[in-house]
J.: 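Pasting a structure below so you can have a look.
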There are 2 protein chains.
Amino acid sequence: MKYSVSEENYLKVIYHLQDQSGLVSTTSLAKALKTKPASVTEMTKKLKSKKLLHYQPYRGFRLTQEGNKAALGIIRRHRLWEYFLAEKLRFSWEEVHELAEELEHVRHKKLIDRLDAFLGFPRLDPHGDPIPDKDGQLATADVICLTELPENTSALISRVTNQSFSLLEMLRQRNMKIGTPIEILKRNAFDESLDVRINRQRSINLSKTIAEQIFVVVT
Amino acid sequence: MKYSVSEENYLKVIYHLQDQSGLVSTTSLAKALKTKPASVTEMTKKLKSKKLLHYQPYRGFRLTQEGNKAALGIIRRHRLWEYFLAEKLRFSWEEVHELAEELEHVRHKKLIDRLDAFLGFPRLDPHGDPIPDKDGQLATADVICLTELPENTSALISRVTNQSFSLLEMLRQRNMKIGTPIEILKRNAFDESLDVRINRQRSINLSKTIAEQIFVVVT
DNA sequence: ATAAAATTTTAGGCAAATCTAAAAATCAAA
DNA sequence: TTTGATTTTTAGATTTGCCTAAAATTTTAT
């Protein structure tokens with residue numbers, strides 16, 4: 001029931017990679033964890049023996065139900081701390097991720113549940129990512145990727161799925177945050193970039209790479 | 001400047017033991033850290049090489065200025081988190097110590113300074129222990145040990161220097177907390193226990209062992 | 001279909017922090 | 001002041017998580 005910091009990091013990263021692409025490879029995990037493939041092979045062996053992941057040699061990994069539950073617990077802690085850091089300690093959204101990476105490993109059920117209550121049971125973290133509840137339930141919203149939004153349709157930015165400091169800083173400089181109105185004016189075929197209107201005023205251009213990280217709800 | 005969790009624990013414990021008895025022995029450190037003397041010898045060797053402690057083989061340890069500064073930083077984090085846990089998350093004073101033991105090792109200067117500001121720059125933690133400020137300064141109050149308080153002199157409980165769960169729970173059950181009025185009615189020569197009046201009403205008996213852990217300010 | 005390229009695993013090591021058992025140094029008491 | 005008890009240190013292992021280099025396997029491209 002209690003896992004080491006290292007094991008927790010593996011579980012969390014596998015959970016995130018899994019979201020995007022069913023099976024997770026040794027190399028992608030190594031890259032995400034900034035470690036070497038050989039180390040991944042060892043640790044995943046251990047996690048398999050603890051029944052936290054399904055693992056076929058030379059094929060890939062997938063979390064078991066048990067592993068999924070553990071990962072959601074870690075993500076709950078991470079996102080609650082992010083919310084605390086942003087709302088109470090006034091950190092910017094590009095700063096909170098790194099700090100929460102450490103706080104998330106303090107794992108006392110009661111502490112986290114009290115923190116949750118203190119914060120008023122928030123459902124979304126500062127990046128718009130859903131916070132699992134006590135029982136690991138995720139609130140799912142009907143968001144679509146900005147790249148899927150039809151032209152001339154009003155929407156609100158609701159989630160940014162990449163925690164990179166430089167992306168978040170860039171968005172903040174452009175006044176784009178969770179809840180900001182956004183609308184696509186034109187799709188540029190050449191580089192697949194988008195001309196968008198922000199806050200019903202400024203019109204700017206977003207590269208495909210950035211647009212892929214932004215999720216919106218149609219209003 | 002950045003120390004491992006283990007090194008930090010050594011520094012913190014040495015700081016506390018030093019307070020009571022100038023030089024710290026290998027055995028006492030081992031006991032306090034729940035480890036073996038052999039392990040202490042190794043780690044203290046390392047801390048000495050980092051110039052964090054003065055250390056004479058077979059004699060004992062004492063923190064250097066550098067080591068003292070590091071210890072105060074750790075204690076600052078610990079006590080600020082304790083204050084947070086008690087004031088904001090409503091944990092009882094016997095619960096906060098253990099939780100803060102983990103939170104204290106998240107060491108980002110900015111995080112701690114923001115937390116300090118969020119809490120309103122508290123000067124005392126829930127046990128009445130002073131919280132070092134940004135620069136490691138400790139507010140010193142003119143407290144005396146309850147055992148030194150003259151008879152029939154009004155005082156306020158201002159500090160409890162032992163974090164043991166059972167002591168704190170015991171005090172809470174007797175309605176003794178920081179700020180509670182207290183007065184010695186009688187010293188019992190036989191077992192050195194004290195008859196004291198709490199809150200200007202209830203009169204109870206305190207063993208010498210307990211009285212030694214309680215500090216008061218005369219009013 | 002097979003050779004080259006890429007991925008994954010194994011083998012053997014390393015560093016940190018711990019342990020036990022035994023040796024060395026110090027202290028204490030007759 | 002010498003001997004026995006206590007404390008401290010050394011020596012050698014263990015565990016965790018990582019590493020590099022080399023071997024095994026799978027994939028890809030001709």
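Labels below follow one simple rule: chain letters A, B, ... track the order of the sequence lines, proteins then strands, and each chain is numbered from 1.
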J.: Between D:dT16 atom C1' and A:K36 atom NZ, what is the distance in whole Å?
T.: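 Spelled out: NZ on A:K36 to C1' on D:dT16 is 18 Å.
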J.: I need the CE-P distance between A:M43 and C:dT10, as an integer number of Å.
T.: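 Spelled out: CE on A:M43 to P on C:dT10 is 16 Å.
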J.: Under 4.0 Å, heavy atoms only, any strand: does A:T35 hit a base, just the sugar-phosphate, or nothing?
T.: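 Result for A:T35 = sugar-phosphate.
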J.: Atom NZ of A:K48 to atom P of C:dT9: distance rounded to whole Å?
T.: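 Result: 11 Å.
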J.: I need the CD-C1' distance between A:E42 and C:dT10, as an integer number of Å.
T.: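 Distance check: A:E42 CD to C:dT10 C1' gives 9 Å.
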J.: Below the 4.0 Å mark, does C:dT18 have OP1 or OP2 next to a side-chain nitrogen or oxygen of B:Y10?
T.: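 For C:dT18, OP1 or OP2 has a side-chain N or O of B:Y10 closer than 4.0 Å.
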J.: Check whether any side-chain nitrogen or oxygen of A:K45 sits under 4.0 Å from OP1 or OP2 of C:dT10, and answer yes or no.
T.: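 Yes, because at least one side-chain N or O of A:K45 sits under 4.0 Å from OP1 or OP2 of C:dT10.
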J.: Taking any heavy-atom pair under 4.0 Å as a contact, classify B:S39: base, sugar-phosphate, or nothing.
T.: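 Base, at least one base heavy atom under 4.0 Å.
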J.: With sequence neighbours left out, what residues match A:S164 under side-chain contact (heavy atoms from CB on, under 4.5 Å)?
T.: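 For A:S164 the side-chain contact (heavy atoms from CB on, under 4.5 Å) partners, ignoring immediate neighbours, are A:N162, A:S166, A:L167.
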J.: Does a side-chain N or O of A:K34 approach OP1 or OP2 of D:dC18 to a distance below 4.0 Å, or not?
T.: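 No, A:K34 has no side-chain N/O under 4.0 Å of OP1/OP2 on D:dC18.
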J.: Whole Å only: how far is the CD atom of B:E8 from the C1' atom of C:dA16?
T.: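 Between C1' of C:dA16 and CD of B:E8: 16 Å.
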J.: Verify the contact: side-chain N or O of A:S25 to OP1 or OP2 of C:dT7, cut-off strictly under 4.0 Å; return yes or no.
T.: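 Checking A:S25 against C:dT7: no side-chain N or O falls below 4.0 Å of OP1 or OP2.
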J.: Rounding to an integer number of Å, can you tell me how far B:L29 CG sits from C:dT18 C1'?
T.: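 Rounded to the whole Å, the gap is 15 Å.
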J.: Going by side chain to side chain donor-acceptor pair (under 3.5 Å), name the pairs with one or both residues in residues 77-86 of chain B, residues two or more places apart or in two chains.
T.: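 Output for this query lists B:E8-B:R77, B:H78-B:E82, B:H78-B:H97, B:H78-B:E104, B:E82-B:H97, B:E82-B:H127.
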J.: Would you say C:dT9 has OP1 or OP2 under 4.0 Å from some side-chain N or O of A:T26?
T.: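 So the side-chain polar atoms of A:T26 do come within 4.0 Å of the phosphate oxygens OP1 or OP2 of C:dT9, strictly under.
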J.: Rounded to the Å, how far apart are B:F61 CZ and D:dT7 C1'?
T.: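 Those two atoms, CZ and C1', are 11 Å apart.
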J.: Looking at residues at least two apart in the chain, or sitting in another chain, which of them share a side-chain contact (heavy atoms from CB on, under 4.5 Å) with B:S92?
T.: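 Partners of B:S92 under the side-chain contact (heavy atoms from CB on, under 4.5 Å) test: B:E94, B:E95, B:R172.
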J.: Can you find a side-chain donor-acceptor pair between A:E98 and B:H108 that sits under 3.5 Å?
T.: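 Not at all, the side chains of A:E98 and B:H108 share no donor-acceptor pair under 3.5 Å.
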J.: Within this structure, what is the OH-to-P distance between B:Y55 and D:dT8, rounded to whole angstrom?
T.: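 After rounding, the reported distance stands at 9 Å.
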J.: Does B:F84 have A:K88 sitting over its ring (NZ/CZ under 6.0 Å from centre, angle to axis within 45°)?
T.: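 Ring-cation test returns no.
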J.: Using residues 50-62 of chain B as the side-chain source, report each donor-acceptor pair under 3.5 Å to any protein atom, sequence neighbours left out, with the distance given to one decimal.
T.:
unit_1, atom_1, unit_2, atom_2, d
B:K50, NZ, B:E7, OE2, 2.6

J.: Protein-nucleotides 21-26 of chain C N/O pairs closer than 3.5 Å?
T.:
unit_1, atom_1, unit_2, atom_2, d
C:dA25, O4', B:Y58, OH, 3.1

J.: For B:N205, what residues pass the side-chain contact (heavy atoms from CB on, under 4.5 Å) criterion, not counting sequence neighbours?
T.: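 Testing B:N205 for side-chain contact (heavy atoms from CB on, under 4.5 Å), a comparison that skips the adjacent residues, returns B:N188, B:S193, B:D195.
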J.: Need one value for B:S6: base, sugar-phosphate or nothing, where a base atom within 4.0 Å counts as base even if backbone is also close, heavy atoms only.
T.: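 If one applies the 4.0 Å heavy-atom cut-off, B:S6 turns out to touch the sugar-phosphate alone, with no base involved.
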